[in-house]
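Predicted model only: the values in this text are computed from it and were never measured. Every chain is numbered from 1 and lettered A, B, ... according to where its sequence line falls, protein lines coming before strand lines.
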Amino acid sequence: MITAGIDMGSRSVKVVLLEELNVDGAPALKYGVKKVHIMMPGDLDQDVAANKAYDEVLAAAGLTRDDVKVVFATGAGRKQVAFAAEGITEMTAGAKGAVFMFPQARTVVDVGAEEGRGMKTDGEGRAIDFAGNEKCAAGAGSFAEAMSRALQMTLKEFGDASLKSDKSIPMNAQCTVFAESEVVSLIHSATPKNDIAKAVLDAVASRVCAMVRRVGIEGEVVLIGGMVHNAGFVQSLKGAMGVDTISLPDMPEYISALGCALIAAERQHR
Amino acid sequence: MSSQAVLVIDGELYGFNSMRTGNNSPDSATNALQGVMDKCGMKLEDIHYVVGTGYGRVNVPFAHKAITEIACHARGANYMGGNGVRTILDMGGQDCKAIHCDEKGKVTNFLMNDKCAAGTGRGMEVISDLMQIPIAELGPRSFDVDVEPDAVSSVCVVFAKSEALGLLKAGYTKNKVIAAYCQAMAERVVSLLERINVEEGFFITGGIAKNPGVVKRIEKLLGIKAMETKIDSQIAGALGAALFGYTLMSKKAAAA
Amino acid sequence: MIANYGYKDGSGEYYISIDTDKCIGCTAERACLTACPKQMFEIITDDYDDEVAWIKKPNCRTLAYDCADCKPSGGYSSLPCIAACTPGAIKHSW
């Protein structure tokens, strides 16, 4: 049986196809995963983009729409995916996907471009509780992205630069728009770029961490979402949360789409 | 952004001067003050009492006292608009203040928001840059639309900017995008005002007073017209500070 | 006077309001100062020469995060600052 999970984010569509493999004697279901990720072309409506991404992943897997038993959607734009049988929240999908990748995970931190949140999950990947920063760019990847632009760096370079600093400069501005001016004045006062990068990533990490603490930090901590690729942010988050290790999936952007496809598969067995 | 100096003689407004704040706020304060004295044909030595207010209030040289901009705005608005002033909105470049005051100009309820750029002049600058249209033209242009669009839905300026770009791509004219943004700004400000109990006697100060695109929409949402004033509302804070100075000096004289 | 300290951003409205009429002549021996685990309260002389509590300036921009530890997402029955302020001067907007 094949199911599909579509994560309709604000800027990109992520699709995961999940094949349930019936292996003899296996204690639990096994799955094979195929994924595709397209940036949302600016001139496309969300439903058109969803169809395009879905067709691409099917073509890559050598499948047709008829081969897929059921499609579930998640993400901020999940209601725009007209061909999905059901929409599930990002929290439900993220927790499910994270626990599938890391069975010991109980605290899931999801930091994407537009939101940062923490979830507490049980061993089945059911989200028990969550708290987040939504609809404010300061609590998410957008904040770091805007500041990296001010330093004329890519977000990746920005993260790497931050790792080279051991300073802790507090940022006064809490708003992305005001922080841009603060970063510009730090540049003018000849503050090393590495230190500015660390100050910015520490600031985002501390905001995200405050939200995660509302759900409580316990068990293995997993970070999902696009900010996983930012080594500097991961380091800052460890510091803010006071943990030695944070588990990082190798396909962090797809975890919610994966969780979505897993839930779709499970529902077929009910 | 700018420094205002107001001269009050025997409790009445005598003269004022406004100038851009340079990098050094003590110098800006001195220059603004010197300016108003020059205009009135007087010397700095003629001043009996100086009160500083605003962000740089602790940096005002030879100030006898520093008083917050909240209290000063209420006092200044009470002078300019009369004792019927109850609700004051001050929207500056970096912050937004909502104040409720009594018939004496004493603050009864207030809030300030300097954390978030939404609902500040800075938020307006962002759309001005994005549209490549000078700030002063935003208001008039926002009324030059076939139908009034829905407000931009994002509060956050960063997200509102993306949303505005999306609207342009979807075929909105620049004016219509500006109208949607001004409406969002008005809704934002009204949501702040609601926390402090809006009453008739509505007085607007700060840069926003000069943007009819936002002011008219706020008036419509509240169902209350803003009060008119002959004096430049930009000086409300400094005027209030000078009036506080007059009261403080009179008290001191009475005690002596 | 109702003094609202905090902010409203895209994510929500975060104000701690202090009713200064109840705060003046505090009958709780300024218990807010020690009750807040982040020590956000401070006694100042306001513009009308009254001694009242306010929220320290930097915290006014970070309340959603500063108060997070006292507001677990699973729910809570009371907040230390509000419990300590027996005159009932302190309110949270969220």
Side-chain angles (χ1 to χ4, degrees), chain A residues 10 76 89 91 95 106-111 113-122 127-140 142-143 169-179 182 202-218 237 240-242, chain C residues 2-18 32-44 46-47 53-85 90-94:
Chain A
S10 49
T89 67
M91 283 66 81
R106 294 297 174 271
T107 306
V108 181
V109 185
D110 182 357
V111 188
E114 296 205 348
E115 67 282 304
R117 63 173 78 90
M119 282 96 76
K120 184 195 266 182
T121 167
D122 67 10
I128 301 166
D129 206 351
F130 82 97
N133 294 312
E134 282 176 46
K135 297 176 180 173
C136 169
S142 297
F143 185 84
I169 307 172
M171 290 207 60
N172 296 316
Q174 296 296 324
C175 168
T176 309
V177 175
F178 291 145
E182 190 171 337
D202 281 349
V204 180
S206 108
R207 289 175 203 135
V208 169
C209 178
M211 290 299 121
V212 181
R213 289 162 74 102
R214 290 189 61 203
V215 302
I217 300 169
E218 57 181 66
L237 188 62
M241 293 178 68
Chain C
I2 308 294
N4 297 282
Y5 298 103
Y7 57 92
K8 180 172 186 174
D9 65 16
S11 72
E13 189 170 23
Y14 311 98
Y15 282 101
I16 292 180
S17 57
I18 297 178
C32 57
L33 298 182
T34 47
C36 173
K38 296 265 186 209
Q39 295 170 331
M40 295 196 293
F41 293 86
E42 189 174 42
I43 304 299
I44 54 143
D46 74 5
D47 294 322
W54 79 343
I55 303 290
K56 290 177 189 167
K57 200 77 198 162
N59 298 107
C60 290
R61 295 186 188 139
T62 52
L63 281 190
Y65 310 116
D66 294 334
C67 295
D69 285 354
C70 289
K71 298 190 175 196
S73 62
Y76 53 91
S77 53
S78 81
L79 293 170
C81 55
I82 291 178
C85 182
I90 302 171
K91 280 198 179 107
H92 283 230
S93 72
W94 78 108

Inset, instruction - Quick one: list whatever passes salt bridge (Lys or Arg N to Asp or Glu O under 4.0 Å) with C:Glu13, sequence neighbours left out. - result: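 Partners of C:Glu13 under the salt bridge (Lys or Arg N to Asp or Glu O under 4.0 Å) test: B:Arg195.
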
Inset, instruction - Please list, chain by chain and in numerical order, all residues satisfying salt bridge (Lys or Arg N to Asp or Glu O under 4.0 Å) with A:Arg207, sequence neighbours excluded. - result: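 Partners of A:Arg207 by the salt bridge (Lys or Arg N to Asp or Glu O under 4.0 Å) criterion come out as none, since no residue qualifies.
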
Legend entry - A:Phe130 atom CZ: more than 12 heavy-atom contacts under 6.0 Å: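 Check fails, neighbour count at 12 or below.
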
Inset, instruction - Inspect the surroundings of CZ in A:Arg106 and state if more than 12 heavy atoms from other residues, nucleotides or ligands are less than 6.0 Å away. - result: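 Buried by this count: over 12 neighbours within 6.0 Å.
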
Legend entry - 4.5 Å side-chain heavy-atom contact, C:Ile90 and C:Cys32: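 Yes. Closest side-chain heavy atoms under 4.5 Å.
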
Legend entry - chain C contact via A:Glu134 - side chain, backbone, both or neither, heavy atoms under 4.5 Å: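 Looking at A:Glu134, just its backbone touches chain C.
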
Legend entry - Contact listing (chain A partner; residues 62-72 of chain C; heavy atom under 4.5 Å):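 Only C:Thr62, C:Ala64, C:Tyr65, C:Ala68, C:Asp69, C:Lys71, C:Pro72 of residues 62-72 of chain C have a heavy atom under 4.5 Å from chain A.
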
Legend entry - chain A interface, residue from C:Gly74, C:Pro58, C:Ser11, C:Gly12 that has the most non-hydrogen pairs under 4.5 Å: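 Sorted descending by pairs with chain A, the first entry is C:Ser11.
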
Inset, instruction - Check whether the side chains of C:Ser73 and A:Asp129 place a donor and an acceptor atom closer than 3.5 Å, and report yes or no. - result: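 Distance-only check passes for C:Ser73 and A:Asp129.
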
Legend entry - Counterpart residues, ring pair (Phe, Tyr, Trp, His ring centres under 6.0 Å), relative to C:Tyr14 (two or more places apart):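 Ring pair (Phe, Tyr, Trp, His ring centres under 6.0 Å) check on C:Tyr14 returns C:Tyr7, C:Trp94.
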
